[in-house]
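Working notes, structure below.
Throughout, a chain's letter reflects where its sequence line sits, starting with A, and its residues are numbered from 1.
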2 protein chains.
Amino acid sequence: MAVDLALERAVAMIRTISPNPNRANFGRCSACNVRSLSICGALDQADLAEFERIARHIHVTSNEALFTAGQIAHSVHNLTAGIARLYKLLPDGRRQIIGFALPGDFLGTAPSDRYGYSADAIGSVSVCRLSREAFTHFIAQRPHFLLRINEFAARELMLAQEQMLLLGRRTAEEKIASFLVGWRERLAHIGDERQTIALPMSRQDIADHLGLTIETVSRTLTRFEREKMLVIVAGGVRLLDATRATAMAAA
Amino acid sequence: MAVDLALERAVAMIRTISPNPNRANFGRCSACNVRSLSICGALDQADLAEFERIARHIHVTSNEALFTAGQIAHSVHNLTAGIARLYKLLPDGRRQIIGFALPGDFLGTAPSDRYGYSADAIGSVSVCRLSREAFTHFIAQRPHFLLRINEFAARELMLAQEQMLLLGRRTAEEKIASFLVGWRERLAHIGDERQTIALPMSRQDIADHLGLTIETVSRTLTRFEREKMLVIVAGGVRLLDATRATAMAAA
DNA sequence: CCAGCTGATTGATCCAGATCAAATTCGCCG
DNA sequence: CGGCGAATTTGATCTGGATCAATCAGCTGG
């Protein structure tokens with residue numbers, strides 16, 4: 001499992017899609033490099049200036065919380081760099097990761113005034129944080145923006161429905177293959193397109209996302225490697241037989 | 001398992017929340033009895049008249065399809081009476097029911113131009129069907145309506161997230177208890193509030209919703225009955241120990 | 001009133017994936 | 001380098017829920 005340089009570059013790219021996170025507070029929305037991917041892609045210069053006025057740029061380090069399930073939802077968030085794990089816990093500690101948020105993802109679609117899930121950083125993460133109140137006021141008079149938010153909610157819902165199918169009816173092998181193929185697609189969508197798939201989350205995170213144990217995830221990946229479907233590298237996997245993986249994910 | 005009269009009335013109520021389904025084509029939106037529950041609750045008289053102009057009232061009988069996954073999504077739907085099963089299939093026939101739609105539910109939040117899941121009737125069902133095109137045009141100039149649709153999408157997303165937790169991390173016993181408690185809440189929300197819970201869907205439907213087999217659903221319900229938590233009646237269950245059921249659903 | 005059909009229940013057995021238990025490897029810091 | 005804690009892999013065993021296989025109960029139509 002040698003260090004993979006292409007992979008390292010891939011991870012670095014996700015991390016720093018915003019060139020200088022430390023100076024995020026001084027960055028302008030109009031120069032934001034995930035704008036076209038995010039809900040802000042629907043805003044013109046004037047809207048952007050107003051959006052920037054109500055947004056705060058926040059930076060959190062690995063495993064720090066962005067917000068916690070059950071707390072009063074004072075803010076909405078727009079991920080600008082890094083990856084977040086979104087999860088729900090049962091009282092006895094069992095965890096379900098309902099998704100991984102990537103740069104451009106909007107975390108704010110909620111029916112109640114409390115967060116329905118928790119979110120924390122995998123590696124360092126930058127977000128735009130807006131007070132719910134200001135955000136509500138902002139969108140009130142901008143129908144096209146609301147339409148954009150709706151598209152994002154619809155995409156999120158579709159992903160959730162796919163995940164229900166995966167969790168309820170797929171085998172361990174199919175779960176892992178689907179996850180790898182789907183994750184690669186999402187990385188491609190944000191501009192990280194290569195055959196080496198970056199997996200910045202831990203095996204435990206993957207297990208909690210797929211409704212498996214860490215041992216099953218590890219064994220299945222090892223078996224895929226034995227069967228020459230992929231190679232496990234530091235921080236990810238290199239897909240050797242994408243056709244087979246896609247077939248497994250579909251079936 | 002004697003016939004339960006209260007239960008029969010409960011089922012009848014769901015079926016005929018629109019008093020005379022056969023005359024639905026002549027009903028007016030302004031007299032619609034699920035309006036306040038549905039997205040139309042945000043419309044005033046003028047909007048309603050226009051909405052009615054673009055809506056067609058459709059009636060389908062048991063197991064008929066409303067639409068099918070993969071087809072071009074020409075229409076959006078608003079359920080006015082009855083219950084629909086929403087599901088996804090794998091190529092080999094494995095099925096995941098992603099939800100059951102009740103009167104007032106809106107089926108139209110989708111990110112692509114194709115249906116992401118199939119929907120068909122459990123018993124007879126009435127819907128308002130609108131062409132996607134006309135609907136898109138209708139909402140374009142009505143921001144408050146878009147806001148309402150957003151609330152519905154957010155609620156649907158929250159239910160999907162709960163279901164992911166259930167599918168990924170709960171035991172069979174917890175799945176059944178959660179389902180019963182959650183279903184009772186949803187029935188209460190549409191005005192059917194009683195301790196006897198109507199279950200118009202089959203055991204197979206319940207199994208496919210919870211990621212279980214029909215045998216496990218049956219055995220678990222039988223055990224709950226043996227343990228005096230509930231009584232199985234024709235078309236549903238009567239909850240005897242709601243406290244215990246709620247505890248199981250939470251834990 | 002009964003034959004036949006469909007859906008539900010019950011019983012016996014099996015197995016995919018969980019659990020328990022060590023290694024082994026990796027990342028990091030002195 | 002070398003040592004140490006955390007993450008991952010690997011191995012042995014167990015088990016919750018699946019699968020296979022009969023019944024059984026309700027309806028429906030004759």
Side-chain angles (χ1 to χ4, degrees), chain A residues 1-4 7-8 11 61-63 85 90 92-96 122-123 166-177 179 199-227 230-237 248, chain B residues 1-4 7-8 11 62-63 85 90 92-96 122-123 166-179 199-227 230-237 248:
Chain A
M1 208 199 286
V3 171
D4 186 296
L7 199 270
E8 274 194 356
V11 172
T61 59
S62 203
N63 296 317
R85 76 172 70 83
L90 287 171
D92 65 1
R94 279 174 288 172
R95 184 177 69 157
Q96 178 65 37
I122 296 175
L166 178 147
L167 290 168
R169 288 301 183 219
R170 294 177 116 104
T171 65
E173 168 178 295
E174 290 165 355
K175 284 177 177 181
I176 306 274
F179 170 67
L199 297 175
M201 70 292 285
S202 71
R203 295 287 187 268
Q204 186 63 64
D205 286 341
I206 297 174
D208 286 347
H209 185 44
L210 304 180
L212 297 171
T213 59
I214 184 173
E215 292 94 331
T216 299
V217 172
S218 181
R219 270 187 252 274
T220 306
L221 283 174
T222 305
R223 183 160 59 79
F224 285 170
E225 187 171 42
R226 241 191 345 260
E227 295 169 353
L230 50 76
V231 184
I232 299 170
V233 298
V237 299
M248 262 188 198
Chain B
M1 208 199 287
V3 172
D4 185 294
L7 200 269
E8 276 194 356
V11 173
S62 204
N63 297 317
R85 78 173 69 82
L90 288 172
D92 65 0
R94 281 174 287 172
R95 183 177 69 156
Q96 178 65 38
I122 296 175
L166 178 148
L167 290 168
R169 287 303 183 217
R170 293 177 118 103
T171 64
E173 169 177 298
E174 291 165 353
K175 284 176 177 181
I176 305 275
S178 298
F179 170 68
L199 297 176
M201 70 292 287
S202 71
R203 294 287 188 268
Q204 186 63 63
D205 286 342
I206 298 175
D208 286 346
H209 186 43
L210 303 180
L212 298 171
T213 58
I214 184 172
E215 292 95 331
T216 299
V217 171
S218 182
R219 272 186 250 273
T220 306
L221 283 173
T222 306
R223 183 160 61 77
F224 284 170
E225 187 170 43
R226 239 188 350 258
E227 295 169 351
L230 50 76
V231 184
I232 299 170
V233 297
V237 298
M248 260 188 199

Let's go through A/Ile176 and A/Leu212 carefully: what are the C-alpha distance in whole Å and the side-chain angles of both, what is the deciding distance for side chain to side chain contact (heavy atoms under 4.5 Å, CB included) to 0.1 Å, and is it a yes or a no?
CA-CA 10 Å; A/Ile176 306 274; A/Leu212 297 171; 4.1 Å; yes
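- DNA chain D lies under 4.0 Å from at least one heavy atom of each of the following residues of residues 211-221 of chain B: B/Gly211, B/Leu212, B/Thr213, B/Glu215, B/Thr216, B/Arg219.
- Residue A/Ala172 places its side chain closer to C/dG17 than to any other of C/dG27, C/dA8, C/dG17.
- Contact check, B/Thr171 against D/dG16: no side-chain N or O comes under 4.0 Å of OP1 or OP2.
- Distance, B/Phe224 CZ to C/dT9 P: 13 Å, rounded to whole Å.
- Between A/Glu173 and A/Arg223, at least one side-chain nitrogen of the basic residue sits less than 4.0 Å from a carboxylate oxygen of the acidic one, meeting the salt-bridge criterion.
- In this structure, B/Thr171 and A/Arg94 have side chains that are in contact, with non-hydrogen atoms separated by less than 4.5 Å.
- Ionic pairing of A/Glu215 and A/Arg219 is not present here: no N-O contact between side-chain nitrogen and carboxylate oxygen is shorter than 4.0 angstrom.
- A salt bridge links A/Asp205 to A/Arg95: one of the charged nitrogens lies within less than 4.0 Å of a carboxylate oxygen.
- Listed for the B/Glu225 side chain is no donor-acceptor partner under 3.5 Å among the backbone atoms of B/Val231.
- Between the P atom of D/dG17 and the CG atom of B/Leu167 lies a distance of 13 Å, rounded to the nearest Å.
- Heavy-atom distances to DNA chain D give each of A/Arg226 and A/Arg169 a nearest nucleotide, and the one nearer the 5′ end belongs to A/Arg226.
- Each end of the helix from C/dC1-D/dG30 to C/dG30-D/dC1 gets its own axis, taken as the rotation carrying the C1' atoms of four end pairs onto the next four within a five-pair window, and the two axes meet at 40° to the nearest 10 degrees.
- Across B/Arg203 and B/Ile214, no two heavy atoms sit closer than the pair CB-CG1, 3.7 Å.
- Rounded to a whole Å, the NZ atom of A/Lys175 is 14 Å from the P atom of C/dA16.
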Could you list all N or O pairs between the protein and nucleotides 13-15 of chain C that sit under 3.5 Å apart?
none

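- Atom CG in B/Leu210 sits roughly 13 Å away from atom C1' in D/dG17 (whole-Å rounding).
- Under the 4.5 Å side-chain criterion, counting only non-hydrogen atoms from C-beta, B/Thr213 is in contact with B/Thr216.
- For A/Asn63 and C/dG27, the CG to C1' distance is 15 Å, given to the nearest whole Å.
- Rounded to an integer number of Å, the gap from CD1 of B/Ile206 to C1' of C/dT9 is 14 Å.
- Ion pairing of A/Asp208 with B/Arg169 is present here, as a side-chain N (NZ or NE/NH1/NH2) and a carboxylate O approach within less than 4.0 Å.
- The shortest distance between side-chain heavy atoms of A/Ile232 and A/Leu230 falls below 4.5 Å.
- Rounded to a whole Å, the CZ atom of B/Arg223 is 14 Å from the P atom of C/dG11.
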Given the rule in the side chain to side chain contact (heavy atoms under 4.5 Å, CB included) test, do B/Leu167 and A/Gln96 qualify, once you have shown the distances and angles that lead to the verdict?
CA-CA 9 Å; B/Leu167 290 168; A/Gln96 178 65 37; over 6 Å; no
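- Regarding A/Arg94, its CZ atom lies at a distance of 13 Å from the C1' atom of C/dA18, rounded to whole Å.
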